[in-house]
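To start, the structure under review is shown below, and the notes come after it.
Read the numbers this way: they start at 1 and go in the same order the structure lists the ligands and their atoms.
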Amino acid sequence: MSSKQPIGVFDSGIGGTTVLKELVELMPNEDFIYYADSANAPYGPKSKEAIIQLCVKNVEWLLARNCKLIVVACNTATTNAIAFLRAKYHIPFIGIEPAIKPAALRSKTQHIGVLATLGTLTSPLFHKTLLDHANGVVIHNVIGKGLVEHIEKGDFNSDKLKKIVLNYLTPLIQKEIDYLVLGCTHYPFLKPILSTFLPDHIIVIDSGEAVAKQTLNVLKQKGLKYQTNNENGNIHYFSNGNIEILEKAHNLHFIDKKMHFIDI
Ligand code: DGL
């Protein structure tokens with residue numbers, strides 16, 4: 001294993017690019033391979049077994065491209081499959097989970113909202129996180145049914161999407177939450193809509209930055225951090241769905257960043 005090898009990142013679609021953005025910001029010198037499994041999105045309503053199978057496929061694909069570490073940039077995949085992946089493969093995996101701990105620690109109203117997929121909210125790992133970190137705070141879970149489908153089509157702000165989002169937010173606002181945890185990597189694309197509907201005192205929180213920091217720590221620990229002064233690492237994007245949507249996501253996140261888009 002060499003530090004020059006790329007970092008693999010995958011998601012059920014374009015959602016993981018919200019994590020990739022944080023990774024690149026923190027480690028601009030690293031090369032990244034991003035794999036969007038858009039043909040199989042959404043993962044949220046699928047069974048644990050089906051999610052594990054898709055993750056194995058994605059991991060094998062990234063390993064064939066020589067990745068030194070893989071970021072599972074999907075809450076649904078992490079909460080259902082990361083233990084399996086870590087047991088099966090001998091490279092480091094970094095996962096992403098809803099940011100319950102920081103939200104619960106900071107909440108003044110003692111009520112927080114979590115917007116995530118069915119697969120994440122019903123997973124044993126998510127329940128363990130609640131037991132370990134909810135700290136007496138009341139957690140209001142909402143399944144973001146239908147949101148990923150809109151975002152995967154490149155729809156980040158249609159009236160139809162706004163209506164769905166408002167339906168999910170209204171009961172949470174009534175519960176007097178002061179933190180809204182985005183437990184799906186697709187949902188940061190909704191931040192402009194969220195900010196129009198949420199009162200100013202409700203803080204929206206996601207885990208992208210924490211995942212980037214954790215990735216850097218693990219690379220350092222394992223001696224896999226690429227040591228170079230060149231801050232222009234490459235991003236190679238692969239999609240088995242619509243590559244143009246991935247390009248749209250890239251252009252939202254990055255300005256002047258080298259990239260290569262490949263349809264598979
Ligand atoms: N972006 C994913 C997540 O973080 C998956 C969404 C889906 O495919 O349902 O959960």
So that I can tick it off, tell me whether Lys57 and Asp37 are bridged by a salt bridge, with the cut-off set at under 4.0 angstrom between side-chain N and carboxylate O. yes
Can you sort out the partners of Glu176 under salt bridge (charged side-chain N to carboxylate O under 4.0 Å, His left out), two or more places apart, ordered by chain and number? none
Sub-4.0 Å heavy-atom environment of ligand 1, residues by chain: Asp11, Ser12, Pro42, Tyr43, Gly44, Cys74, Asn75, Thr76, Thr117, Val148, Cys184, Thr185, His186
Sequence neighbours excluded and cut-off under 3.5 Å, please list the side-chain donor-acceptor pairs for residues 140-149, or say none.
| residue | atom | partner | partner atom | Å |
| --- | --- | --- | --- | --- |
| His140 | NE2 | His111 | ND1 | 2.8 |

Residue set satisfying side chain to side chain contact (heavy atoms under 4.5 Å, CB included) with Asp155, at least two apart, ordered chain then number -> His150, Ser158, Leu161
Using a strict cut-off of less than 4.0 Å between a Lys/Arg side-chain nitrogen and an Asp/Glu carboxylate oxygen, indicate whether Lys248 and Glu244 qualify as a salt bridge. no
Are Trp61 and Phe238 close enough that their ring centres sit under 6.0 Å apart? yes
